[in-house]
Amino acid sequence: MGYDFGRIEKHWQKYWAENKTFKVEIDHRKPKYYVLDMFPYPSGAGLHVGHPLGYIASDIYARYKRHRGFNVLHPMGFDAYGLPAEQYAIQTGTHPEITTEKNIRRYREQLDKIGFSFDWDREVRTSDPDYYKWTQWTFIQLFKSWYNKKTDKAEPIDVLVSRFETEGNAGIEAACDPVEPFTAEDWNSFSEKQQQEILLHYRLAYLSDTMVNWCPALGTVLANDEVKDGLSERGGYPVEKKLMKQWSLRITAYAQRLLDGLDKVDFSDSLKEIQRNWIGRSEGASLVFRLKTPPQPFRQLTEREPDTPQNLGETPKVLPLAGREDSGGLEKDTPRFYNTDAKTWNALKENVKELRRSPTEAEKLLWERLRNNKIGYHIRRQHIIDSFIVDFVCIRKMTVIEIDGKIHDFRKEDDKNRTQVLEENGFTVIRFKNEEVLEKIDNVVRRIKDYLDKKVLEETSPQPSVETPPHPSPKGREPDALRDSGETQVLPLGEDLGGVEKRTSRHTCNDSEGIEVFTTRPDTLFGATFMVLAPEHELVERIVTPDRKAKVTEYVDRAKNRSERERMTEVKKVSGEFTGAYAINPLTNTEIPVWVADYVLSGYGTGAIMAVPAHDSRDFAFARHFNLPIVQVVSRVGETPSDPSAWETSYDSKEGVMINSGFITGLSVKDAVRATIRKIEEMGIGYGTVNYRLRDAIFSRQRYWGEPFPIYYKDGMPYPLDENELPLKLPRVDKYLPTETGDPPLARAKNWVTSEGYPLEINTMPGFAGSSGYYLRYMDPHNNDAYFSKEANEYWRSVDLYLGGDEHAAGHLIYARFWNKFLFDLGLVCEDEPFLKLINQGKIQGRSSLVYRVQGTDRFVSYNLRKKYKTQALHVDIGLVDNDVLDVEGFKNWMPEFKNAEFILEEGKYICGYEIEKMSKSKHNVQNPDELIEKYGADTLRLYEMFLGPLEQDKPWDTNGIEGVFRFLKKVWRLYFNENDDLIVTGEKPGNDELKVLHKTIKKITGDIERFSFNTGVSAFMICANELTNLNCHKRGILEPLAVLLSPYTPHFAEELWKALGNPPSVSTVSFPDYDEKYLKEDTFEYPVSFNGKMRFKLSLPVDMPKEEIEKAAVEASEAQKWIEGKTIRKIIVVPKRIINVVVG
RNA sequence: GCCCGAGUGGUGGAAUUGGUAGACACGUUGGACUUAAAAUCCAAUGGGCAUUGCGCCCGUGCGGGUUCAAGUCCCGCCUCGGGUACCA
């Protein structure tokens, strides 16, 4: 009988299921390990060989970890909501639940056949009310939370409400939509509806009018990552932009944390890169260009006079914000940086340098946390003020931060004195104890930040309005401003360089002041020769001059109505209109025209740009097209600037030296960026800032098959259901289509109201809702009282190894990280990042077989003869092809149209061509795992999928090689059993050569599994089997450990061998063999001897031979003579146990 | 355009830190066993020149460089794959 995989696999799969071998519970005696596969969506087509690739790899690792004594959580479940089941429902009327159930059963059956060690008792399905109860619950928590930028975390909305009741919103720094300022009295006088409306601007789950990707064919909106090239990812239908009231999640609040978190996790560089691109952080500056004539007020706001500075329209020398800065009582005769006089400076500066060189532990620690604007304030250390050297100072906030070391205990009096002097100088002093800094650094940093934040409130005008930027724009009194002018009041030690001031633009336009733009290249400001607004920009209609109005309006209307698709296909076409208005370049004081063009996007930055045609390709094309001036401001080092009018493209200017740029001329680009930011801050027209490309996640879908929102409406405002009313179950509907009035399918549900009769939300949640936190539910899947218990979370923590395809890089992996961070803020989960290590398995591509039909005939010509004819290549089912040889009879019967096919053969065979492409039905190249399991067994399939190539690499599927691994298993079987299936394992003591083979293999296999190099592991097994066969080894001392070694890869096979050797089942938790270096020791090493780097012969020498003797042996070897003859030996390189290289010449 | 990643025999791939390029497997060829096939086993298999044993030359996408030594490091290209895009 031999190796009867069919019987063996069926037996052990049954055994594992009946004995719940892989069921896992919290066990504090063992270390935990969490291995997770990405949630599969059970499609109707079932699994093809590409799907299990990752599951096999993770299963090998999970089994290995069990052998290593870990308590392994290795669950599986289904992402059961999804469009295909719903589309099928629309077409056939079958409830998606039925389709989904059927597909899951099929998936489960297929998965079971491969022998995975999942704990199926923990299975979850997103469409199960017991599961989506917690999806809904999390949504309610998001709805009830806001993001406090000061604490940098989500906080309960109740806290915000009570702040509004007592202080209004002035002191709040939230990640939110633009909100008009209001006082506590205002708030208390608002109606409930007004209050709720304002709160929506703060909530992390909020309802708003949003520009969405609307797909009419699917009847729903799509997330950005569900749209590819203007078409829906599923189905490929056109997508258009539409303004709709939608639920969104304020993921943008987490942009920086999502970015920072990437440094802590072990993901591939490419995946981190995709996430970084998606978050799209860019550092730059926000600045305001004053308009030559003030814009018309909003029509809606006619009751309020625009806050027009009186000086507008006068000489452009006067700058709009220059007179109204947050100088807040700090005006002094001496600028702030003169914190001491020249004499004291000179006396103390060496001390300062010394102190900086040797900081105390606490100083060092705190400095690391404060430097480079890390807390949003520019902090200097060891700064001289009056006659003191203070530890840290924030000059902008006139705040001194001191660490009290032991020495201060004896000098309380001095400190008092010192504080007094500092206070006389206008500073306030905050003190921290040495131990505090060392032990609770986070707390100290937070308190410093809070203090500085608060101090702004006391000092700045408490009346910010929409017309005033919400951020204080510091005047350029910071000492940095002097660095370039060569004055020496500030320590020129280069300590505080770098770091762009971190503040967030509000994306609102300060109409009275001009046009706000975001730029990553403030250094090129002198080259800004015109401005461009997005067609959607609110200022367009207010600044357009009467003579241009008709043309501009027409352009704007056309641009707005064009679909995304059109807009994309016309990317290279330059279009735009002049508004007639002029802005003033704040540094050149020249008037520059303001245009409208659709190459500026309303959704990014402020929806307006300063155009620098010389150094930006889009601006360049635009300037050329409309004949606008181009001024070069950056020049490569050593190159003479040329006339831009002769250029064919814009000039790449990331590096170089500034020219034609006033005070920054001659600086490098990098320095010029910093100098310009300082300058505009000094002028009060702008500030350094950071922008993100990441948009809030649109969370509504106009579909049936998804989680209902636990939301009802009262007076048009959304309210969450009470948590004890969850889950809100998906109702029955008569059809899965929108209503006649265009409402989503849930509007068809009867009695879709609360018990009080309030209407419930009729949108449903998108696909990523249920998959964002599923890894948490696996920790405690049957908990009815909570998402998961604290105990379970504290034991299982986060996923140690996450395996899945990189198609989820931008979508799922960002949403899930956001979801987790939010729950972390709530104190529900104990880890900030959900996935510690992530591996993207490569895709398995299809290998299509092709036949060549002679054009216009029924004759098919074999691959190598095809060039003699005019042929047409056709895909043929890979099931009809074996080793590229076509089964011609099978082909004739395959499809009616080939019934009368004739063949032109080569050497009696019809050879097919092939092509590597996506595995798909239409290409007849889908390989179904069931057929392979039928033919070779699951263990062979597992081995072969791993043997194909590196896990992370894409690779073509080719069944040809599977015979090799099958032969390998049969060969191993022969080590244990003879032809009559009798066990032939003996108790004889293994010899050294056998032990060496075993231990070499253990070492290799262990290393390979730990490096996820499964393909080389399979090779190592094969080498081992070949060597043991050659040694004719049937000894228990070798074969018993080998069975354990094989267990992660071929679990059924290993269980069978383990049992045959007389051991009780199961092998799955038997300790993994360790290798012993003593068996690997060699007495001699066969040195490759090279001459001038070319290997010529080998020489066996003792490993402990001294170098000199090795050299001698190499040179004296008989084979060496012909290479040395007539030449001089210049040098001999000996690397012990590696190589000998003789240099002759 | 920009950002990643990859190019090694007929094929999948190996070479973990710069140290014998092509492990392991498929395929192919020849042979053994067999009435025959399957299965199994043995041998050869990067290219070229030589084959009387030797042997020698060339070879990791291309062109340079560093080094005693380069698939591996550096510079400049080419090709393919992926991501992303009027992102200021």
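All figures in this text were calculated on a predicted structure; none of them were measured in a lab. A, B, ... follow the sequence lines: proteins, then strands. Residue 1 opens every chain.
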ask   = How does each nucleotide of nucleotides 65-71 of chain B score, in 5' to 3' order, for protein heavy atoms under 4.0 Å: base (B), sugar-phosphate only (S), or none (-)?
value = ---BS--
Polar side-chain atom of A:N691 near backbone of A:S282 as donor-acceptor pair, under 3.5 Å = no
request  = Check whether any side-chain N or O of A:D523 sits under 3.5 Å from a backbone N or O of A:T676 as a donor-acceptor pair, and report yes or no.
outcome  = no
message = Closest-nucleotide mapping onto RNA chain B: is A:N1026 or A:M610 further toward the 5' terminus? I mean the 5' end.
response = A:N1026
ask   = When you match A:K971 and A:D1008 each to their closest nucleotide on RNA chain B, which lands nearer the 5' end?
value = A:D1008
remark   = Contacts of A:D266 meeting side chain to side chain contact (heavy atoms under 4.5 Å, CB included) (sequence neighbours excluded), chain-then-number -> A:K837
query = Under the side chain to side chain contact (heavy atoms under 4.5 Å, CB included) test, which residues partner A:S617, sequence neighbours left out?
reply = A:S650
Do the side-chain N or O atoms of [X] get closer than 4.0 angstrom to the phosphate oxygens (OP1, OP2) of [N]?
{"X": "A:R1096", "N": "B:C57", "value": "yes"}
{"X": "A:R967", "N": "B:U40", "value": "yes"}
{"X": "A:S282", "N": "B:A88", "value": "yes"}
{"X": "A:R693", "N": "B:A88", "value": "no"}

What interatomic distance, in whole Å, is found between [atom1] of [M] and the corresponding atom of [N]?
{"N": "B:G12", "M": "B:A6", "atom1": "C1'", "answer": "16 Å"}
{"N": "B:A37", "M": "B:U29", "atom1": "P", "answer": "14 Å"}
{"N": "B:C3", "M": "B:G59", "atom1": "P", "answer": "33 Å"}
{"N": "B:G7", "M": "B:U72", "atom1": "C1'", "answer": "14 Å"}

key: Atom pair distance, as rounded to whole Å: CD in A:E273 and P in B:A85   = 15 Å
task = Whole angstrom is fine here: how far is it from CG in A:N1015 over to P in B:G13?
result = 9 Å
Check salt bridge (charged side-chain N to carboxylate O under 4.0 Å, His left out) between [X] and all other residues, then give those that pass, not counting sequence neighbours.
{"X": "A:R1011", "answer": "A:D1008"}
{"X": "A:K272", "answer": "none"}
{"X": "A:E1082", "answer": "A:K996"}

request  = Would you tell me whether A:T959 and A:Y936 have side-chain atoms, one donor and one acceptor, within less than 3.5 Å of each other?
outcome  = no
message = Is it the case that the base of B:U40 and the side chain of A:K970 share a donor-acceptor contact (distance under 3.5 Å, atom types as modelled)?
response = no
inquiry  = Does the structure place the NZ or CZ of A:R847 under 6.0 Å from the centre of the six-membered ring of A:W957, at an angle of no more than 45° from the ring's axis?
reply    = no
query = Taking the six-membered ring of A:Y555, is NZ or CZ of A:R558 closer than 6.0 Å to its centre and within 45° of its axis?
reply = no
ask   = Who pairs with A:N1026 by side chain to side chain donor-acceptor pair (under 3.5 Å), at least two apart in sequence or on another chain?
value = A:K971
ask   = Just checking A:W1123: base, sugar-phosphate only, or nothing, at a heavy-atom cut-off of under 4.0 Å?
value = sugar-phosphate
request  = Pick base, sugar-phosphate or nothing for A:D619, based on heavy-atom distances below 4.0 Å to the nucleic acid.
outcome  = nothing
All N/O contacts under 3.5 Å from nucleotides 45-50 of chain B to the protein, with atom names and distances to one decimal?
none

Indicate every side-chain donor-acceptor pair of residues 1087-1094 of chain A with a distance under 3.5 Å to a residue at least two apart or in another chain.
| unit_1 | atom_1 | unit_2 | atom_2 | d |
| --- | --- | --- | --- | --- |
| A:Y1087 | OH | A:K1137 | N | 2.9 |
| A:N1092 | OD1 | A:V1144 | N | 3.0 |
| A:N1092 | ND2 | A:V1144 | O | 3.3 |

message = Show me the pairs that pass salt bridge (Lys or Arg N to Asp or Glu O under 4.0 Å) and involve residues 1018-1027 of chain A, at least two apart or across chains.
response = A:K1000-A:E1027
note = Here the pair of heavy atoms bringing A:K955 nearest to A:L53 is NZ-CD2, 3.9 Å
ask   = Given that both pair distances must be under 3.5 Å and the pair must be Watson-Crick or G-U, what runs of three or more consecutive pairs involve RNA chain B?
value = B:1-7 with B:78-84, B:10-12 with B:24-26, B:27-32 with B:40-45, B:46-49 with B:55-58, B:61-65 with B:73-77
Under 3.5 Å, which protein N or O atoms sit close to an N or O of nucleotides 7-12 of chain B? Give each pair with its distance.
| unit_1 | atom_1 | unit_2 | atom_2 | d |
| --- | --- | --- | --- | --- |
| B:G12 | O2' | A:L948 | O | 2.4 |

